[in-house]
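One structure below.
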Amino acid sequence: MTDTHTHLNFPDFASEIPQVLERAREAGVDRVVVIGTSLESSRDAFALAEEHESVFAAVGVHPSSADEAPDDFIAALREMAVHPKVVAIGETGLDYRHLPSGETDPKMRLKLEALGSENARDLEWAIADGACKSRQADVFEQQLELAAELGLNVVIHQREAWEDTLAIVTRYSDRLKAVYHCFGETTERLSELMNLGHYISFTGIVTFKNGAQVRASAAQVPLDRFMVETDCPYLAPVPHRGQRC
């Protein structure tokens, strides 16, 4: 058994990595993949993979970290990604949940209020959101290009950005395969991915009371097309929901 998506590189586990891996082995989990979400966390994932035989790494920049990534971030990822214990690029993708227009930074609000006109404020928000989406897409595509170049698969994070994510990934469908991590979409969207030859990964959400849609999708995925993940420290399954996973 492989846990295909963990964040053992996060501070939540800093003091007990050997113990966590031992508990995993006792539970029948022989391998874990530690996922990068920024250059720093990718380096931490890479270090854990080098240190522990049962640990492998994925290196990448999460869409929420896109603005922080230096212009030459892809060179640093490439340097790590050629190592045999790096098994994928990611997690990368698009995330529109926390665009500038949805933020509540008081200073930003005051600045926009000073513009006076509601149309002017709407235009400023639209420009800010557009810039954020454009940066995410650029960082995403650079990582897809790297994965295709190196023959690696991609771990995709998608939240409230389905159409844009699919449009970008579809352009690479003949060059790489992706796993859609923490899948929570409808069976119709599941079919889109199945037709493109990609993989699906499920988390503890399949045990949640409000996880009926996820369970319906999971029931339709062939056994050779889905993966399982903890996404630890997030998304602990029932009856441990709300605790560190």
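From a predicted model like this one, the values you see are computed outputs, not experimental measurements.
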Is the closest side-chain heavy-atom distance between [X] and [Y] below 4.5 Å?
| X | Y | result |
| --- | --- | --- |
| Leu176 | Leu144 | yes |
| Ser217 | Ile200 | no |
| Cys245 | Leu235 | no |
| Leu77 | Ser42 | yes |
| Val87 | Val33 | yes |
| Pro63 | Glu91 | no |

Donor + acceptor pair across side chains of Ser38, Ser41 (<3.5 Å): yes
Donor-acceptor pair between Asp164 and Tyr96 side chains, under 3.5 angstrom: yes
side-chain contact (heavy atoms from CB on, under 4.5 Å) against Ala218, all qualifying residues, sequence neighbours excluded: Phe202
[atom1]-[atom2] distance between [X] and [Y], expressed to the nearest 0.5 angstrom:
| X | Y | atom1 | atom2 | answer |
| --- | --- | --- | --- | --- |
| Arg97 | Leu94 | CZ | CG | 14.5 Å |
| Ser201 | Asp3 | OG | CG | 8.5 Å |
| Arg25 | Ser54 | CZ | OG | 5.5 Å |
| Ile89 | Ile35 | CD1 | CD1 | 10.5 Å |
| Thr6 | Arg31 | OG1 | CZ | 13.5 Å |
| Cys132 | Ile127 | SG | CD1 | 14.0 Å |

Any pair counted as ring-ring contact (aromatic ring centres under 6.0 Å, His included), so long as it reaches residues 33-78, sequence neighbours left out: Phe46-His83, His62-His157
Asp30: salt bridge (charged side-chain N to carboxylate O under 4.0 Å, His left out) partners, not counting sequence neighbours: none
Pairing residues for Arg159 by the salt bridge (charged side-chain N to carboxylate O under 4.0 Å, His left out) criterion, not counting sequence neighbours: Asp95
Val32/Leu21 under side-chain contact (heavy atoms from CB on, under 4.5 Å): CA gap, chis, key distance, verdict: CA-CA 8 Å; Val32 299; Leu21 294 176; 3.9 Å; yes
Name all pairs fulfilling the salt bridge (Lys or Arg N to Asp or Glu O under 4.0 Å) condition that reach into [range], sequence neighbours left out, sorted by first residue then second.
| range | answer |
| --- | --- |
| residues 234-245 | Glu16-Arg244 |
| residues 41-63 | none |
| residues 215-232 | none |
| residues 57-84 | Arg78-Glu149 |

Worked check of side-chain contact (heavy atoms from CB on, under 4.5 Å) between Asn9 and Leu48: CA-CA 8 Å; Asn9 47 346; Leu48 286 172; 4.2 Å; yes
Going hydrophobic residue to hydrophobic residue with side-chain gaps under 4.5 angstrom, can you get from [X] over to [Y]?
| X | Y | answer |
| --- | --- | --- |
| Ile74 | Leu152 | yes |
| Met1 | Leu223 | yes |
| Val214 | Val221 | yes |
| Val179 | Leu193 | no |

Test log, rule side-chain contact (heavy atoms from CB on, under 4.5 Å), inputs Ile17 and Leu8: CA-CA 7 Å; Ile17 292 294; Leu8 297 184; 3.9 Å; yes
Does [Y] offer a backbone N or O that forms a donor-acceptor pair with the side chain of [X] under 3.5 Å?
| X | Y | answer |
| --- | --- | --- |
| Lys177 | Val154 | no |
| Thr203 | Ile205 | yes |
| Ser65 | Thr37 | yes |
| Ser134 | Gly130 | no |
| Gln213 | Gly184 | yes |

Those residues that, when tested against His5, pass ring-ring contact (aromatic ring centres under 6.0 Å, His included) (two or more places apart): His7, His181
Set of residues satisfying ring-ring contact (aromatic ring centres under 6.0 Å, His included) with respect to Phe183, sequence neighbours excluded: none
Step-by-step side-chain contact (heavy atoms from CB on, under 4.5 Å) determination, Leu196 to Val169: CA-CA 10 Å; Leu196 289 170; Val169 176; 5.9 Å; no
Any pair counted as side-chain hydrogen bond (donor to acceptor under 3.5 Å, both in side chains), so long as it reaches residues 182-200, sequence neighbours left out: Gln158-Glu185, Trp162-Glu192, Glu163-Arg189, Glu185-Arg189, Thr186-Glu188
Qualifying side-chain hydrogen bond (donor to acceptor under 3.5 Å, both in side chains) pairs with a residue from residues 138-148, counting only residues at least two apart or across chains: Thr92-Gln143, Arg135-Asp138, Asp138-Gln142, Glu141-Arg171, Glu145-Tyr172, Glu145-Arg175
Criterion salt bridge (charged side-chain N to carboxylate O under 4.0 Å, His left out) on Arg23 and Glu26, from CA distance to verdict: CA-CA 5 Å; Arg23 289 197 295 271; Glu26 290 173 356; over 6 Å; no
